[in-house]
Amino acid sequence: MTENVRVRFAPSPTGPLHMGGVRTALFNYLFAKKHNGTFVLRIEDTDQTRYVANAEQYIIDSLDWCQIPFDEGPGRNEKFGPYRQSERKELYKKYADELIEKGWAYYAFDTADELNTHRKNHEENGKTFIYNWHNREKLQNSLALSAEEVSAKIAAGEKFVVRFKSPKDEILVLQDEIRGEIKIDSNLLDDKVLFKSDGMPTYHLANIVDDHLMEISHVIRGEEWLPSLALHVLLYRAFGWTAPKFAHLPLILKPVGKGKLSKRDGDKLGFPVFPLEYTNETTGDVSRGYKEDGYFPEAFVNMLSLLGWNPGTEQELFSLEELIQLFDLQRVSKSGAKFSPEKTQWFNEQYLQQKSDKELAGLYQPILVNNGISADAEYVEKVVGLIKERATFVADFWDLSNFFFVNPSEYDAKASKKQWKEGTPDLMKELVKVIDNIEDFSSENTEAKVKEWITAKEVGFGKVMQPLRLSLVGALKGPHLFDIISMIGKHATIDRINNAIATL
RNA sequence: GGCCCAUUCGUCUAGUGGUUAGGACGUAAGGUUUUCAUCCUUAAAACAGGAGUUCGAUUCUCCUAUGGGCUACCA
């Protein structure tokens, strides 16, 4: 298996790629890298009615952001190209014809209206209409019609599709890498359309032809494809090709309620379902993305990797390298996983804590600039070091550290009421003098000096420390007080205490 | 309706024919921090139900229930 592993991610460019799709791409990527294989991106744009122009670029941008780039695909290392099915259009006709010749497929002329009528009638009688062995002789197709009639219809320009002639009375034993053996009664299969009347193949045909031509060794895709597995295996057999191995990934479900995760859930529940922000070109609707919401790609990918897979140990934080080493299809779970926004935040927090103060400071700078602050890199780095353990996102930094850069503009009302007592202003005035006399303004020294004074003064620590914090921060929160004092310096410290005395 | 897949704490999951059924998120309670958060400790919390196989089933088989997917000239 280590030889020539080739996998593909084959999304349909009908809109932004959602996180379920990213997870499928990720598992393909991990599997490929683990086996020194190739990760192919193929664009399945056979449905011209649902095609969205900016979707392909969005997909590529998303994979890049997640740092799981494809090795082969549109515009990249095109050994088996083209990689857009619309550009391979001419190819599929030949294969459809081959199947007809071999007796594995046939022309069908039934119109959509006719079929809908059949379905409706069956439904009214409590039955299901299936286009297959039990009725195909009675419908408008090349199995029921004479060769002359068929030729005449085609010559007359009548629209037709090509359907697969699914076999009768056969128990198909299918193999899934994750689920094991699956048995299907071929009599229940319907004669799927392989080739549409618009000249395009359906997913089924294009998928099999391309996977074969692109020498795909493993098809790793979502569970929604499991019902089509029998058809796909049958198609390989009909062509006389060796089928790749198949693995069907469990679905990602809504955090609450029923069903699989959908775009609407994010809007409703307040979390992104897309990796990147996406603007719908026709409606102008903007959907939020993990990137724009402040998630690190590593955290997002780590979270995704554990949705439906785990290495069997208690480790939860993995670098991409580790994931590649550890990934194993055998350890992918069989049942759908409910997505957890809370745990996703936790992952981001973990990654944020791991990052260096320097890197985080760099990410913080633009936010500071937005708030009208220009501070030198070293100072910002120190600030980040003091506050990052309270943060989940870089975007939290400003709320947690604005007092390192600007004087408090207001004071927490509740805290003021509780901590700013009658004697406080006098005490603070005295404290100003104490602080003014401190030469060495290190955190340790200011702490020692102030505490010395408090002790000598014989007042409770809280009587001084709480109002002091209120004066400097504007609220009863934040890092060690003397770290703040040391950072903002003597002038700002005294200034802020005086401001508080004047205001409160 | 039909077909297929699945089912361990609220959630993600580990695990085994005999275990005190483990971890993580979240929740709660303590402790640390004379602030807040972090951090630490602790707690509550699960084998869907019923048969069968077996000395013994959460683990194997079957049935039921529940959940999910598919059932398009969409992918």
Side-chain angles (χ1 to χ4, degrees), chain A residues 10-14 44-50 85 108 110-112 115-116 119 122-123 125-131 159-163 174 176 178-179 182-185 188-190 192-204 206-207 221-230 248 250-251 253 255-256 258-260 303 306-317 331 333-347 349 353 387-392 396 400 415 419 451 454 460-466 468-470 473 475-481:
Chain A
S12 188
T14 54
E44 309 228 330
D45 53 352
T46 51
D47 184 358
Q48 296 162 323
T49 61
R50 292 205 308 156
Q85 290 184 328
D110 317 85
T111 64
L115 294 174
N116 282 334
R119 287 194 189 98
H122 276 69
E123 205 175 308
N125 297 323
K127 289 187 201 159
T128 311
F129 175 79
I130 306 178
Y131 201 129
K159 295 268 189 189
F160 65 87
V161 300
V162 176
R163 283 181 183 272
L174 312 170
D176 180 87
I178 295 166
R179 279 149 229 277
I182 297 162
K183 289 196 178 78
I184 304 283
D185 179 353
L188 268 8
L189 263 27
D190 57 350
K192 280 274 183 254
V193 171
L194 300 178
F195 203 81
K196 299 185 268 190
S197 57
D198 65 359
M200 281 291 231
T202 60
Y203 169 86
H204 304 292
N207 188 261
R221 76 229 297 195
E223 191 187 334
E224 70 267 27
W225 293 110
L226 201 48
S228 311
L229 180 58
H248 291 87
L251 263 18
L253 276 14
V256 293
K258 298 174 174 181
K260 66 173 173 180
M303 176 280 292
L306 255 17
L307 229 42
W309 171 85
N310 79 83
T313 63
E314 285 176 2
Q315 185 180 351
E316 290 199 285
L317 265 15
R331 293 203 62 92
S333 46
K334 299 180 175 76
S335 49
K338 283 192 177 181
F339 167 68
S340 166
E342 293 81 18
K343 188 118 189 194
T344 308
Q345 288 203 2
W346 176 82
F347 275 110
E349 192 188 318
Q353 302 312 325
I387 53 104
K388 74 168 177 185
E389 63 188 24
R390 297 163 160 71
T392 301
D396 298 337
L400 295 169
Q419 301 299 343
K451 284 191 168 172
I454 295 173
F461 273 73
K463 287 249 192 304
V464 175
M465 298 293 284
Q466 300 286 52
L468 178 56
R469 179 172 289 278
L470 195 56
V473 176
L476 300 180
K477 60 172 192 183
H480 189 58
L481 203 41

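Just so we're on the same page: letters track the sequence lines, and every chain starts at 1.
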Taking B:U11 as the reference, what is the distance to B:A45 when you measure between their P atoms (whole Å, please)? 15 Å
Report which part of the nucleic acid A:T313 touches: base, sugar-phosphate, or nothing (heavy-atom distance under 4.0 Å, all strands). nothing
Using Watson-Crick geometry (N1-N3 plus N6-O4 or O6-N4) or G-U wobble (N1-O2, O6-N3), each under 3.5 Å, B:C39 is paired with B:G31
Is there a side-chain contact between A:K258 and the phosphate of B:G67, meaning an N or O under 4.0 Å from OP1 or OP2? yes
B:C47 to B:U8 separation - P atoms, rounded to the nearest Å: 11 Å
For A:K183 and B:C5, is the shortest distance between a side-chain N/O and OP1 or OP2 below 4.0 Å? no
Check whether any side-chain N or O of A:K192 sits under 4.0 Å from OP1 or OP2 of B:U71, and answer yes or no. no
When the distance from CZ of A:F339 to C1' of B:U11 is rounded to whole Å, what number comes out? 12 Å
Classify A:G308 by what it touches in the nucleic acid, base, sugar-phosphate, or nothing, heavy-atom distance under 4.0 Å. sugar-phosphate
Base paired to B:G10 (Watson-Crick or G-U; both N/O distances under 3.5 angstrom): B:C25
Quick one: is B:U13 close enough that its OP1 or OP2 comes under 4.0 Å of any side-chain N or O from A:N310? no
With heavy atoms under 4.0 Å as the rule, sort A:D110 into base, sugar-phosphate or nothing. base
Counting N and O atoms only, with roles assigned by atom type, does the side chain of A:R390 sit under 3.5 Å from a partner on the main chain of A:G478, one being a donor and the other an acceptor? yes
If you check the A:E223 side chain, which of B:C36, B:C73, B:G68 turns out closest? B:G68
Could you work out which one of B:U35, B:C25, B:A75 sits closest to the side chain of A:D47? B:A75
In Watson-Crick or G-U wobble terms, with both distances under 3.5 Å, the base opposite B:A48 is B:U64
Any donor-acceptor pair, under 3.5 Å, between the side chain of A:R390 and the base of B:U38, if you only look at N and O atoms? no
So, OP1 or OP2 of B:G68: does either fall under 4.0 Å of a side-chain N or O from A:R179? no
A:E389 atom CD is separated from B:U35 atom C1', nearest whole Å, by 14 Å
Is A:K260 near enough to B:C70 that one of its side-chain N or O atoms lies under 4.0 angstrom from OP1 or OP2? yes
Among the nucleotides B:C5, B:A14, B:C73, whichever has the atom closest to the side chain of A:V161 is B:C73
A:D198 (side chain) donor-acceptor with A:M200 (main chain) under 3.5 angstrom: yes
So, is A:R163 close to the B:C73 phosphate, meaning a side-chain N or O under 4.0 Å from OP1 or OP2? yes
Give me the distance, rounded to whole Å, that separates B:A57 from B:G69 when you measure between the C1' atoms they each carry. 31 Å
B:A48 and B:A43, which share atom name P, separated by this distance in whole Å: 25 Å
Using a 4.0 Å heavy-atom cut-off across all strands, classify A:G259 as base, sugar-phosphate, or nothing. sugar-phosphate
Report the relative orientation of the aromatic rings in A:H204 and A:W225; use parallel for angles under 30°, tilted for 30 to 60°, perpendicular for over 60°. perpendicular
Expressed as a whole number of angstroms, how long is the span from A:L188:CG to B:C3:P? 6 Å
Main chain of A:E44, side chain of A:S12: is a donor-acceptor contact present, judged purely on distance under 3.5 Å? yes
Listed nucleotide nearest any side-chain atom of A:T128, set B:C4, B:A14, B:G1: B:G1
Winner on side-chain proximity to A:K343, out of B:C25, B:A75, B:C73, is B:C25
Is A:T46 near enough to B:C74 that one of its side-chain N or O atoms lies under 4.0 angstrom from OP1 or OP2? no
Can A:L306 and A:E316 be said to form a side-chain contact (heavy atoms from CB on, under 4.5 Å), step by step? CA-CA 8 Å; A:L306 255 17; A:E316 290 199 285; 4.3 Å; yes
Separation of B:A72 P from A:L194 CG (nearest whole Å): 15 Å
Donor-acceptor contact present, side-chain A:Q353 to main-chain A:A391, <3.5 Å: yes
Whether A:K260 and A:E223 form a salt bridge (side-chain N of Lys/Arg under 4.0 Å from carboxylate O of Asp/Glu) is what I want to check. no
Would you confirm whether A:R331, through its side chain, and A:W309, through its main-chain N or O, come within 3.5 Å as a donor-acceptor pair? no
Nearest-Å distance once atom P is located in both B:C25 and B:U41: 12 Å
Counting only Watson-Crick or G-U wobble pairs whose two distances fall under 3.5 Å, which nucleotide matches B:U20? none
Is the distance from OP1 or OP2 of B:A72 to the nearest side-chain N or O of A:R119 less than 4.0 Å? yes
The nucleotide from B:C12, B:C70, B:C73 with an atom nearest the side chain of A:E224 is B:C70
Side chain of A:W346 only, heavy atoms from C-beta on: which candidate in B:C5, B:A24, B:C74 is closest? B:A24
How far, in whole Å, is B:C55 from B:C63 if one measures between their C1' atoms? 25 Å
Is the backbone of A:T46 close enough, under 3.5 Å, to the side chain of A:K196 for a donor and an acceptor to pair up by distance? yes
Write down the distance between NZ (A:K451) and C1' (B:U35), rounded to a whole number of angstrom. 13 Å
Distance, rounded to the nearest Å, where A:W309 contributes CH2 and B:U13 contributes P: 12 Å
Rounded distance in Å - CD1 (A:I454) to C1' (B:U35): 14 Å
A:L229 has an atom CG; how far is it from atom C1' of B:G69, in whole Å? 14 Å
Under 4.0 Å between any heavy atoms, over every strand shown, what does A:P479 touch: base, sugar-phosphate, or nothing? Just pick one. base
Applying the Watson-Crick and G-U wobble criteria at under 3.5 Å, what pairs with B:C70? Answer none if nothing qualifies. B:G2
Using the C1' atom as the point on both nucleotides, what is the distance between B:A21 and B:U16, in whole Å? 9 Å
What's the closest nucleotide to the A:P227 side chain, out of B:A6, B:A24, B:G69? B:G69
Distance check, P atoms only: B:U58 and B:G50, in whole angstrom units. 10 Å
